[in-house]
Amino acid sequence: MLEVEQLVKRYGKGGAGVRGVSFRVAPGEFFTLLGPSGCGKTTTLRCIAGLETPDGGRIAIDGAPVFGAGRTVPVNRRDIAMVFQSYAIWPHMSVAQNIAFPLEAQNLPRAERARRVDQALAMVGLEGLGGRPASLLSGGQQQRVALARAAVRGAKLLLLDEPLSNLDASLRERMRAELRDLQQRLGTTAIYVTHDQEEAMSLSDRVALMRDGEVLELATPQDLYLRPTHAFTAGFLGLAELLPCTVRGPEGTFLRVDTSLGPLLASGDPAGTLLLIRPEHVRLDAPPGAPNQLHGTIARAAFAGRHVDYTVEVAGHPIPVQAASGRMHPVGTAVTLTLPPAQCWLMKG
Amino acid sequence: MTLDRAVALALGLLLCWMVAAPLGLVLLSAVRPGGFPLDPGFTTANFAAVYLAPGFPELLGTTLAFAAGSTAVALVLGTLLAWAIERTDLPGAALFRALVILPMATPPVLLAIGWTMLASPRIGVLNRVLQDTLGLSAAPFDVFSLGGMVFVEGLSLVPTTVLMLAPACRNMDPSFEEAALASGASRLRVLRRIVLPLLLPAIAAAACFMMIVSLVVFDVPGTLGLPVRRFVLSTQVFHWISESPGGVPEYGKVGALAVLFLAILLALGALYRRATRRAAAFRTVGGKAFRARPMPLGTLRWPVFTCVSAYFVVAVVLPLSVLVWSSLMPYQVAPSRAALALLTLENHRDFLANGQVAEAAWNSVVIALVAATAVAALAGLVAWLVVRRRVPGGAVLDALAFAPIAVPGVMIGVALIYLYLATGPILPVYGTIWIIVIAYATQYLPFGTRLIGGSMIQLHPELEEAGRTSGASEARILRRVTLPLVAPALAATWVWVLAHALRELSSALLLRSFDNMTVPTLLWDYWSGGEPTRAAAVGVWLVLAVLGALLLSRLVGRRAVDA
């Protein structure tokens, strides 16, 4: 559905721009460009939209080239719909006029426009608000209007530029679910840009993690989170403890490694030199005798509601551990940590 | 709070004296038989003499057509220019942005004189050239016509229009345009359905403002309309007072005429205030932080460039070149190779050596400095009391400080004549430069309060509240927090008034006497006295002076941005 090949966009000194980004997105896929600010994700999206002209590379939407080989299809001739970070709800129009605009641009008859606007309003749960001036909407409502305006056109490609970042936390989680639901119902292909790793993982079929204008890693959310190949990916997607290690050799289905905590069983890259341990994978309540057990003392404990954040001292190393909040270990308690070998992930540094 | 109230009360009384008293006297004179407000008696004869006169419909029609036409010209050119300079990839946009200062430094009276030299039917350079090359029997242009006045006044209003619309263009969230493009709309549709409607409140405010200015302006109709007896409001007032057939100023008729125009102008003033508030409300809608990306003009790039360049040729290059040329000639000659032999610096030498000129220049500078300081101080005080301290009766203060925007300079002149003739024994300012200072301070007060008030509204109240919670007194907060933050606006007001006071003509023309000549009145005397080349020399120096003041403002403005 979307092909991006060796996309290059240079900025003046300072900006990283985009340095040779390539990926393909399948029809109906929810694809996310994730990365810290300045990594080039928004620039990539704007190049796809046609709002920026790349300095090199090729872009094709639904098999039709829109950029490359000396030809550039202008933004208004591309079969896309876009949701902006600021929503860009035109303040001089009513809600219905805002949503109807893409249809107006197609010169659709008035009655057809009204019918489809009503449909779109119903789809985002804003029935009956069509006549309201757009300047009187709340943030969440503006967000829904922006979605309806993007959906109404029935474009093949839906581009979303950090659409949830201006909402408050609780609304953001609700809109996240609605967004995914909407995309599934419409069956469109979505390209989503965000710097929020939770948002990226919960929404996407696949995520491209970008850094300094390049795609560092491209995978499903599970692979990216549980089985990353870069230390940067591991750290960007969640809390991560990274231990330097040396692989000794296979042992059963796992690999035996030496770390400063002692010998451990791990999975992943046999040539790896770093061991990734996620605090929520470490168990405090496993029965004795399981592999990868370490003894330590609780050095810090912080109750966070949904879970408890501990720091456990093991052989002089502070190891972060996240445990369910049913029971609270006081500071100073001696505990046994269990690191499931399947979730001790080896990667190259 | 009691100190606030005392200051507000004192300020209110001062504004009544500056604004309400003179206007009241003008209106009172309308019902006095002799036209002097303090004379006894009551009559309606003045109204009959004005409104039932056979020439009245033409006067009203010409004035309105002139104002509407000039406003239309300024809006079309100004909107295009502001948008092209601020929002597109127009070649040389940065250069054009800097060049807008040039037409601003050209006083309207000089623009009119320049265009007289270019397009008067008898001696106009353009007419002569076109007649000679095309073999026309009659001159193609006549600047002494309603069309000529509209053209020149429209040109002179363009820089202010650009200044008013440029921030609106600049602050418009670019994702509004991008969202429309991404919706599949063509560039033309985006312009028509998104950009123009979003700019509409700002354009409406600019339209009201331009309408007010062109209803009261004297310079252009004075230069182009008076010679052919085509009157508008301001020139009619000037004519009744300075050139009345009986030799006695017809104050009564001026008062009677003032009633109608003050009503029109105050209504426009109220509209203007509503429009600016709507524009402000519109601006707060929209996105968060954004980087403005210039819109590619595509194939329109060079046509738009040509239009923008043509404006600068017509508004700056042509009139200023012909002025400089004339200033170097012993008498008015069309530019030609033969005329080069006549080149002389006589006019400039005369300007620099003439004692009368030195006095006028000194007067102009003193008047401009004092008026600029007075306006910055008064407007700052009004804005602070109204916006920051929210004193009771603030709305009245605000309205009093805003009202002069709707009063023609010539009418302020007349009003001050009454007031200070009547109070002559106690306040002997009549006939001195101080009466001109008072006139300018009154005329420019609305601009000052608008500019400074605007910047005070943008100050977040928490900035001052943080000062209070730090334990600082109100006086210390004013000195250490509020004043430094509005200092750029105060400085901008000061320079703006300085530049405009240097070039102001209308009220000075009515208030002048032997001792308070200014450079613009001198220029007017030379011009109307049939010495165009000397007038041109004065004009060249005047443009340089105003340009200097404006460049100073750029410098101050840039420092304010850096801070």
Side-chain angles (χ1 to χ4, degrees), chain A residues 11 15 42-43 45-46 48-53 72 74-93 97-108 133-137 139 142 145-146 149-155 157-163 165-166, chain B residues 79 87-89 94 165 168-205 275 277-301:
Chain A
Y11 279 131
T42 295
T43 307
L45 189 78
R46 293 175 59 87
I48 297 169
L51 293 169
E52 307 269 1
T53 309
T72 309
V75 49
N76 46 1
R77 303 259 169 74
R78 298 189 186 188
D79 193 4
I80 54 159
M82 185 156 173
V83 177
F84 289 78
Q85 184 174 13
S86 64
Y87 315 134
I89 300 300
W90 300 302
H92 60 292
M93 296 183 184
Q97 284 170 330
N98 260 282
I99 298 176
F101 188 81
L103 306 176
E104 185 192 315
Q106 289 175 3
N107 293 317
L108 284 188
S135 51
L136 297 182
L137 296 179
Q142 285 194 38
V145 174
R149 186 175 66 190
V152 79
R153 197 175 163 198
L157 198 57
L158 180 61
L159 306 175
L160 304 120
D161 184 10
E162 307 229 13
S165 64
N166 285 334
Chain B
T79 310
R87 289 313 293 265
T88 70
D89 62 348
L165 292 180
C169 289
R170 204 164 36 231
N171 297 340
M172 192 170 62
D173 187 340
S175 57
F176 285 141
E177 287 161 69
E178 292 173 350
L181 281 172
S183 298
S186 65
R187 286 194 191 285
L188 209 62
R189 190 188 293 271
V190 175
L191 205 60
R192 192 164 47 82
R193 293 278 287 130
I194 307 294
V195 177
L196 273 182
L198 279 172
L199 289 180
L200 201 60
I203 294 177
R277 284 205 196 108
R278 264 196 65 210
F282 242 41
R283 188 161 54 234
T284 56
V285 188
K288 312 282 190 250
F290 53 79
R291 289 169 287 169
R293 286 179 191 80
M295 167 167 279
L297 284 171
T299 48
L300 287 175
R301 220 166 121 91

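- Residues A:A134 and A:I89 approach most closely at CB-CG2, 3.4 Å, considering heavy atoms.
- Annotation: maximal heavy-atom pairing with chain B below 4.5 Å, among A:A105, A:A150, A:A146, A:A49, occurs at A:A105.
- Contact annotation for A:E104: both backbone and side-chain heavy atoms come within less than 4.5 Å of a heavy atom of chain B.
- When each of A:M82, A:M93, A:R78 is checked for heavy-atom pairs under 4.5 Å with chain B, A:M93 comes out on top.
- With A:W90 as the aromatic partner, A:R149 meets the cation-pi criteria of under 6.0 angstrom to the ring centre and within 45 degrees of the ring axis.
- Closest approach of A:V152 to A:P102, counting heavy atoms only: CG1-CG, 4.0 Å.
- You'll find the side chain of A:Q85 reaches within 4.5 Å of the side chain of A:S165, heavy atoms only.
- Judged purely by atom type and a 3.5 angstrom limit, A:D79 has no side-chain atom pairing as donor or acceptor with the backbone of A:A155.
- For chain B, the nearby part of A:F84 is the side chain; its heavy atoms alone come within less than 4.5 Å.
- For A:R153, the part sitting under 4.5 Å from any heavy atom of chain B is the side chain, from C-beta outward, and nothing else.
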